[in-house]
Every structure is written in structure tokens, then in C-alpha cells.
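I have placed the structure first, in the form of C-alpha cells, so that the comments after it can refer back to it.
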Amino acid sequence: MGRKVFVSYKYKDELVAKLQDSYYEEVNGNLIWNQRNTRVRDYVNLLQEKIGKDNINLGEKDGESLDDFSDDKIESILKGKIRQCSITIVLISEGMKENNKSEKEQWVPWEISYSLREVPTSWNIKHMNAVLGIVLPNKSGTYDWYYTENKNCNSVTHHTGKLFNILSNNMFNVKDKEFRECNGSDIYTNDEPSLIKTVRWDDFIDGTNYETYIKKAIEIKDDAESYIVRVNLD
């Protein structure tokens with residue numbers, strides 16, 4: 001593919017559609033075939049097969065918490081990985097948010113915030129990454145938890161209130177908004193109204209579609225001045 005991709009995701013979130021019944025797990029240094037629920041991390045494995053493992057950097061690992069690291073450690077581990085990449089893919093899952101923690105205490109918002117920043121380093125400038133959100137199906141196998149199809153208006157409602165603020169604040173944030181009216185509601189008609197575009201997992205992973213969506217995310221990033229970019233965490 002020629003581009004390095006950083007993948008941001010909630011490692012142990014199990015509120016996703018089942019992929020298979022059993023998985024290899026590392027237990028005391030040994031790989032064991034265990035039955036367990038599908039996790040978001042299992043979708044990452046499929047993403048690596050599609051894009052190529054060598055093209056992907058990963059964020060959170062099993063059992064890791066921001067509480068376990070100093071700011072300097074976060075800088076060296078997490079930010080270093082993002083700096084190597086030009087695009088960040090966020091796997092958007094129903095259980096990605098821990099509502100009892102602030103966004104500053106969770107991995108995914110940190111990773112998105114840093115991806116969107118222009119940051120001087122000791123030797124160069126870390127430029128803004130393109131950011132693409134891939135919405136995963138929930139345990140019932142549907143996307144209804146995030147998308148609602150409005151057939152009468154030929155439109156789709158995104159339930160951005162279910163997301164981290166750093167995500168929702170960078171969606172439908174185009175400066176020059178264009179609308180049409182349907183059944184008393186304003187519907188965006190901009191080709192790309194959001195700095196962070198989203199796509200269903202099934203659409204992204206099908207064939208070579210992923211290349212099209214990654215290219216589109218990069219085009220949006222290159223036109224970032226057309227959007228109100230918000231990089232701060234609440």
C-alpha cells in the first residue's frame with residue numbers, strides 16, 4: 001500500500017459481532033486454543049491481513065492503561081508510533097468508551113488528538129495524520145447502534161453523541177455548510193462534511209475498497225483548512 005497506518009481501538013471491547021468461536025490466546029508463554037467472545041482486537045487481525053502487518057502500527061495492548069505510564073513514557077511509546085504514520089484508522093465500536101473515565105484517561109482519545117496535531121519535534125515537524133473511522137457491527141451484527149437510515153429523506157443519521165468528543169467534534173465540522181430540507185430537518189449536502197470520515201467495516205474490508213477509503217481520508221486531510229479542526233481533549 002505504501003503508507004504506514006496507525007490503528008486506534010479498544011483492545012478488549014466485546015460489544016462487536018462474532019467472527020468465530022475460538023481463538024489462540026497466549027497463556028504463560030504458550031499459545032492455547034480458547035473459546036471466548038470476539039474482541040475488537042480480532043478485527044485488527046483481519047485488518048492486518050488486508051492492509052499488511054508491516055504497514056500497521058498498533059496502540060493499546062492487552063492490559064495496558066495510561067495510569068501505568070508517565071507522560072514521558074506515553075510520549076516515547078504511543079506518540080512515537082503515530083509519528084511514523086500518515087494515516088490513523090480508528091475502529092469505532094459500541095463499547096469503546098469507558099464512561100467512568102475522562103477522555104484524558106483513555107487511550108483512543110489520546111491517539112486521535114495527537115494524530116490531528118502539528119507538533120514540532122527535535123528534528124522535524126510531526127504533521128497532521130489523516131483520520132478514518134471504521135464503524136464495527138455490534139453483537140447483533142448490525143450498525144444500527146451508530147447509523148440510522150432515513151429512507152424517506154435518502155439520508156443517514158450518525159449518532160455522534162455515542163462517541164468520544166474528540167471524534168464527534170471533528171465530524172460535520174466543515175466550515176461552509178450546505179443543506180437541504182426534508183421533513184423539517186436540515187440534511188448536509190456537502191460531499192465530505194466531516195474531517196473524520198466514517199465507513200462501515202463491511203464496506204471497508206470488501207475487496208480493495210480499503211484503498212479508496214484511505215485515499216479519501218488523505219484527500220480530506222489535505223483540505224483540512226476547510227474544516228474547524230479541534231484537537232483538545234475535554
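In the hydrophobic clustering of this structure, Leu195 groups with Val174; members are Ile, Leu, Val, Met, Phe, Trp, Tyr whose side-chain heavy atoms approach within less than 4.5 Å, directly or through other members. No single ILVMFWY cluster, assembled from side-chain heavy atoms under 4.5 Å apart, contains both Ile228 and Met128. Phe172 and Phe179 fall within the same hydrophobic cluster, where Ile, Leu, Val, Met, Phe, Trp and Tyr residues are linked whenever their side-chain heavy atoms come under 4.5 Å apart, directly or through other members. Hydrophobic cluster membership is shared by Val5 and Leu46, with clusters built from Ile, Leu, Val, Met, Phe, Trp and Tyr side chains linked at under 4.5 angstrom. Note on Tyr9 and Leu15: separate hydrophobic clusters, where clusters join Ile, Leu, Val, Met, Phe, Trp and Tyr whose side-chain heavy atoms are under 4.5 Å apart, directly or indirectly.
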Expected list for residues 87-96: side-chain donor-acceptor pairs under 3.5 angstrom, two or more places apart:
from	atom 1	to	atom 2	distance (Å)
Thr88	OG1	Ser115	OG	2.7
Thr88	OG1	Asn129	ND2	3.1
Ser93	OG	Asp13	OD2	2.6

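Side-chain contact between Trp107 and Ser8 is absent, with no heavy-atom pair separated by less than 4.5 Å. The shortest distance between side-chain heavy atoms of His158 and Thr198 falls below 4.5 Å. By the 4.5 Å heavy-atom criterion applied to side chains, Phe204 and Ile214 are counted as neighbours. Looking at heavy atoms from C-beta onward, Asp202 lies out of side-chain contact with Asp206 at the 4.5 angstrom threshold. For the pair Arg117 and Asn232, the minimum side-chain heavy-atom distance is below 4.5 Å. Looking at heavy atoms from C-beta onward, Phe164 lies in side-chain contact with Val108 at the 4.5 angstrom threshold. For the pair Leu116/Val131, a side-chain contact is recorded, criterion being any heavy-atom separation below 4.5 Å from C-beta on. Counting heavy atoms from C-beta outward, Arg230 and Asn173 have side chains that approach closer than 4.5 Å.
For Lys53, the NZ atom sits in a loose shell: 12 or fewer heavy atoms of surrounding residues, nucleotides or ligands are nearer than 6.0 Å. No more than 12 heavy-atom neighbours from other residues, nucleotides or ligands sit within 6.0 angstrom of CD on Gln35. Summarising the local packing, CG of Asp191 is surrounded by 12 or fewer heavy atoms from other residues, nucleotides or ligands at distances under 6.0 Å. Around atom NZ of Lys177, more than 12 heavy atoms belonging to other residues, nucleotides or ligands sit under 6.0 Å away.
Nearest heavy-atom pair, Tyr227 versus Ser194, reported as atom, atom and distance to 0.1 Å: CE2-C, 3.4 Å. Here the closest heavy-atom approach between residue Ala217 and residue Ala130 is recorded as O-CB, 3.5 Å. The two residues Cys153 and Ile187 make their nearest non-hydrogen contact at CB-CD1, 3.6 Å. Contact detail for Gly141 and Ala17: the closest heavy-atom pair is CA-CB, 3.9 Å. When all heavy atoms of Thr38 and Lys18 are compared, the closest pair comes out as OG1-CA, 3.4 Å. Shortest non-hydrogen contact noted between Ile196 and Leu167 is CD1-CD2, 3.9 Å.
Expressed to the nearest 0.5 Å, how far CD1 of Ile218 lies from OH of Tyr213 amounts to 15.0 Å. Interatomic distance, CD of Glu14 versus NZ of Lys12, reported as 8.5 Å (0.5 Å rounding). The line from CG of Leu233 to CG of Asn169 is 10.0 Å long, rounded to the nearest 0.5 Å. Of the inter-residue distances, the one linking Asp223 atom CG with Glu219 atom CD reads 9.5 Å to the nearest 0.5 angstrom. Note that the CZ atom of Arg36 and the CH2 atom of Trp33 stand 9.5 Å from one another [nearest 0.5 Å]. Atom CD1 of Ile56 and atom CZ of Arg3 lie 14.5 Å apart (nearest 0.5 Å).
In summary, of the residues considered (Glu98, Glu103, Glu105), a salt bridge (charged side-chain N to carboxylate O under 4.0 Å, His left out) with Lys101 occurs for Glu98 alone. Results of the side chain to side chain contact (heavy atoms under 4.5 Å, CB included) test with Ser155 over Asn183, Asn150, Thr189, Thr148 single out Asn150 as the only residue that passes. Applying the side-chain hydrogen bond (donor to acceptor under 3.5 Å, both in side chains) test between His127 and each of Arg83, Glu118, Lys221 identifies Glu118 as the sole match.
A donor atom on one side chain and an acceptor atom on the other are not found under 3.5 Å apart for Thr212 and Asn209. Looking at Tyr188 and Arg180, their side chains never bring a donor and an acceptor atom within 3.5 Å of each other.
Within the 3.5 Å criterion, the main-chain N or O of Arg41 finds no donor-acceptor partner in the side chain of Lys10. Listed for the Thr160 side chain is no donor-acceptor partner under 3.5 Å among the backbone atoms of Ser168. A donor-acceptor contact shorter than 3.5 Å links the side chain of Lys50 to the backbone of Ile205. Between the side chain of Asn55 and the backbone N or O of Ile51 there is at least one donor-acceptor pair closer than 3.5 Å. Here the side chain of Lys162 pairs a donor or acceptor atom with the backbone of Trp145 at under 3.5 angstrom. In this structure, the side chain of Asp42 engages the main chain of Arg39 through a donor-acceptor pair within 3.5 Å.
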Residues Val16, Lys139; criterion side chain to side chain contact (heavy atoms under 4.5 Å, CB included); working and verdict: CA-CA 4 Å; Val16 290; Lys139 288 183 77 70; 5.9 Å; no

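Applying the side chain to side chain contact (heavy atoms under 4.5 Å, CB included) rule to Ser140 yields the partners Asn138, Thr142; only residues at least two apart in sequence or on another chain are considered.
Here Tyr147 and His159 keep their ring centres 6.0 angstrom or further from each other.
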